[in-house]
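I have a structure here, written as structure tokens, and I will follow up with some questions on it.
Keep in mind that this is a model prediction, so the values were computed, not measured. Note that ligands are numbered from 1 as they come in the structure, with each ligand's atoms numbered from 1 the same way.
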Amino acid sequence: MEQIIFKGFIVEEHGDRFVGSIKTRSVSELPENDLLVKVRYSSLNYKDALSASGNKGVTKKYPHTPGIDAVGTVVSSDTKKFRENEKVIVTSYDLGMNTDGGFGQYIRVPSDWAIKLPEEMSMKESMIIGTAGLTAAMSVFRLTENIKPEHGKIVVSGATGGVGSLSVAILAKLGFNVSAISGKKEDHDFLFKLGAREVIERKDFEQENTRPMMKACFAGGIDTVGGSILDNIIKSTQPMGVVTCCGNVASEKLNLTVFPFILRGVSIIGIDSQNYPMEYREVVWNKLAKDWKLDNLMKVCTEISFAELSENIDLILEGKIKGRIVLDLET
Ligand SMILES: NC(=O)c1ccc[n+]([C@@H]2O[C@H](COP(=O)([O-])OP(=O)(O)OC[C@H]3O[C@@H](n4cnc5c(N)ncnc54)[C@H](OP(=O)(O)O)[C@@H]3O)[C@@H](O)[C@H]2O)c1
């Protein structure tokens with residue numbers, strides 16, 4: 001194959017500083033795997049920002065190309081699973097963590113990490129969804145195994161963020177009465193447009209409360225932030241309610257007693273999209289392409305070019321992103 005040269009956002013370690021810049025790379029430098037994909041779009045997730053800022057829990061070795069999400073066309077495949085020019089989505093596993101990720105115009109990954117782009121979904125839609133949307137959909141999927149709209153309100157934290165905003169939108173599409181917790185006063189309208197029926201200001205919900213349980217207001221919750229907000233969601237969940245937990249932007253710590261679990265039968269379900277088995281992943285992507293297809297996807301999307309990546313990485317680390325940031329690799 002002729003040598004392919006391409007553009008990528010490469011993060012380099014300079015002492016205790018991590019600096020990202022756009023550089024030229026060659027496909028021959030990519031890891032030896034069986035699927036070569038020309039990336040059309042990627043997206044920005046909180047984990048990408050951690051990788052780009054030198055978090056060694058996410059990325060151990062630099063220089064490195066972040067990007068845990070990618071969609072594109074197959075350039076070559078050493079297995080029969082995919083054909084040339086087929087459109088594929090690659091998310092999570094080790095993509096963008098210690099394997100060169102979607103912030104480069106080409107990736108080479110194990111074919112087991114890829115799924116065919118559903119016919120009903122465009123490449124851009126798949127990246128508006130990305131890992132954040134997949135995590136939101138997995139959270140909704142697990143929650144709705146037990147909780148139905150008639151059981152009561154569902155609370156979503158970090159509601160203007162990637163996972164939060166898509167959770168609000170999917171739950172509203174499924175007929176749930178959604179209460180959104182948000183720290184962004186100026187974005188209540190955005191949340192109502194996504195389908196939230198109530199917005200709770202984060203400052204009114206994040207105080208540590210010494211009582212083991214609080215007034216039971218919610219049939220369930222999707223928490224994306226952890227810490228005292230997750231404590232308070234669990235303490236405010238009705239008997240037999242379900243809360244999912246996927247993130248730690250506020251804190252990784254919980255300060256709880258066993259009482260919500262043993263006196264109200266509340267369940268907590270952990271969500272780990274990175275290692276979610278492929279068979280369930282396909283189910284969730286297909287739901288997102290069909291029954292759960294969101295008409296308001298474009299409303300949560302901001303498209304950016306390579307040149308705008310650094311500033312958006314800073315914004316996501318500061319908790320200032322609204323919705324989903326999609327990177328156009330052809331810019
Ligand atoms: N377990 C998994 O499989 C998985 C997958 C994807 C993501 N995650 C995790 O889920 C979390 C959210 O990811 P994301 O991509 O949605 O990030 P994001 O787009 O940055 O959204 C996070 C949101 O949390 C809120 N927030 C920010 N700082 C906060 C603080 N100090 N206290 C309370 N709330 C705060 C903000 O929303 P408001 O201003 O509206 O409050 C922010 O927009 C991250 O921890 C990420 O690592 C986990």
Nearest-contact summary for atom 21 (O) of ligand 1 - protein heavy atom, Å: Gly161 CA, 3.2 Å
Residue Asp272 vicinity, atoms of ligand 1 by number, heavy atom under 4.0 Å: 3 (O)
Ligand 1 versus Thr135: contacting region, heavy-atom distance under 4.0 Å: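 Contact part for Thr135 vs ligand 1: side chain (C-beta onward).
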Verdict with supporting geometry, Lys203 and Glu201, salt bridge (charged side-chain N to carboxylate O under 4.0 Å, His left out): CA-CA 5 Å; Lys203 66 174 174 42; Glu201 284 198 37; 3.5 Å; yes
Atom 10 (O) of ligand 1 - nearest protein heavy atom and its distance: Gly247 CA, 3.5 Å
Thr302 side chain vs Ile325 backbone, donor-acceptor pair below 3.5 Å: no
Nearest-contact summary for atom 32 (N) of ligand 1 - protein heavy atom, Å: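 Checked against all protein heavy atoms, atom 32 (N) of ligand 1 sits closest to Ala250 CB, 3.4 Å.
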Protein residue, atom and distance nearest to atom 13 (O) of ligand 1, heavy-atom basis: Val163 CG2, 3.8 Å
Numbering as shown, the atoms of ligand 1 that approach Gly162 to under 4.0 Å (heavy-atom distance):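 Listed by number with element, the hits are 16 (O), 18 (P), 19 (O), 21 (O).
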Salt bridge present between Glu13 and Lys56 (N-O < 4.0 angstrom):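 Yes, charged N to carboxylate O under 4.0 Å.
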Donor-acceptor contact present, side-chain Thr91 to main-chain Asp69, <3.5 Å: no
Exam field: side chain Asn55 to backbone Gly57, donor-acceptor pair closer than 3.5 Å: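 Side chain of Asn55 to backbone of Gly57: a pair is present.
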Any donor-acceptor pair under 3.5 Å from His64 side chain to Asn98 backbone: no
Contact partition for Lys184 relative to ligand 1, non-hydrogen atoms under 4.0 Å: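 It is both parts that get close, each with some atom under 4.0 Å.
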Ligand 1 to Thr131 polar contact by distance, N or O atoms, under 3.5 Å: no
Residue and atom name of the nearest protein heavy atom (relative to atom 45 (O) of ligand 1), distance in Å to one decimal: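 Protein heavy atom with the smallest distance to atom 45 (O) of ligand 1: Asn248 N, 3.1 Å.
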Enumerated ligand 1 atoms positioned under 4.0 Å from heavy atoms of Gly183: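 Result: 38 (P), 39 (O), 40 (O), 41 (O).
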Backbone N/O of Asp78 and side chain of Asp34: donor-acceptor pair under 3.5 Å: no
Atom 11 (C) of ligand 1: the protein heavy-atom neighbour that sits closest, reported with distance to 0.1 Å: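 Ranked first by proximity to atom 11 (C) of ligand 1 is Thr224 O, 3.2 Å.
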Distance filter under 4.0 Å to Thr160 heavy atoms, resulting ligand 1 atoms: 37 (O), 38 (P), 39 (O), 40 (O), 43 (O)
Region of Val225 that comes within reach of ligand 1 [heavy atoms, distance under 4.0 Å]: side chain
Exam field: side chain Asn232 to backbone Ile229, donor-acceptor pair closer than 3.5 Å: no
Best match, Arg202, Glu201, Met138: closest heavy atom to atom 34 (N) of ligand 1: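 When every heavy atom of Arg202, Glu201, Met138 is considered, Arg202 comes closest to atom 34 (N) of ligand 1.
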Spacing of Leu117 atom CG and Trp285 atom CH2 [to the nearest 0.5 Å]: 8.5 Å
Under-4.0 Å salt bridge between Arg25 and Asp100: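 Judged by the 4.0 Å cut-off on N to carboxylate O distance, Arg25 and Asp100 do form a salt bridge.
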Whether Tyr93 and Trp113 hold their rings parallel, tilted or perpendicular, with breakpoints at 30° and 60°: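 Parallel: the ring planes of Tyr93 and Trp113 meet at under 30°.
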For Ile321, atoms of ligand 1 separated by under 4.0 Å from a heavy atom: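 Checking each atom against Ile321, I get 43 (O).
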Distance from atom 15 (O) of ligand 1 to nearest protein heavy atom, with residue and atom: Tyr46 N, 3.6 Å
Side chain to side chain contact (heavy atoms under 4.5 Å, CB included) assessment of Lys293 paired with Glu125: CA-CA 10 Å; Lys293 191 166 175 93; Glu125 282 171 337; 3.0 Å; yes
Those atoms of ligand 1 less than 4.0 Å from some heavy atom in Gly158: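 Counting from 1, the qualifying ligand atoms are 23 (C), 24 (O), 25 (C), 37 (O), 40 (O), 41 (O).
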Residue Ser182 vicinity, atoms of ligand 1 by number, heavy atom under 4.0 Å: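 Under 4.0 Å from Ser182, ligand 1 has these atoms: 38 (P), 39 (O), 40 (O), 41 (O).
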Distance in Å, Ser92 OG paired with Asn275 CG, rounded so as to fall on 0.5 Å steps: 8.0 Å
Nearest-neighbour protein heavy atom for atom 48 (C) of ligand 1, which is reported as residue plus atom name and distance: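 In this structure, atom 48 (C) of ligand 1 has Cys246 O, 2.9 Å as its nearest protein heavy atom.
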Distance filter under 4.0 Å to Ile271 heavy atoms, resulting ligand 1 atoms: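 Those atoms are 1 (N), 2 (C), 3 (O).
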Which segment of Ala159 sits under 4.0 Å of ligand 1 when only heavy atoms are counted: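 The backbone, only.
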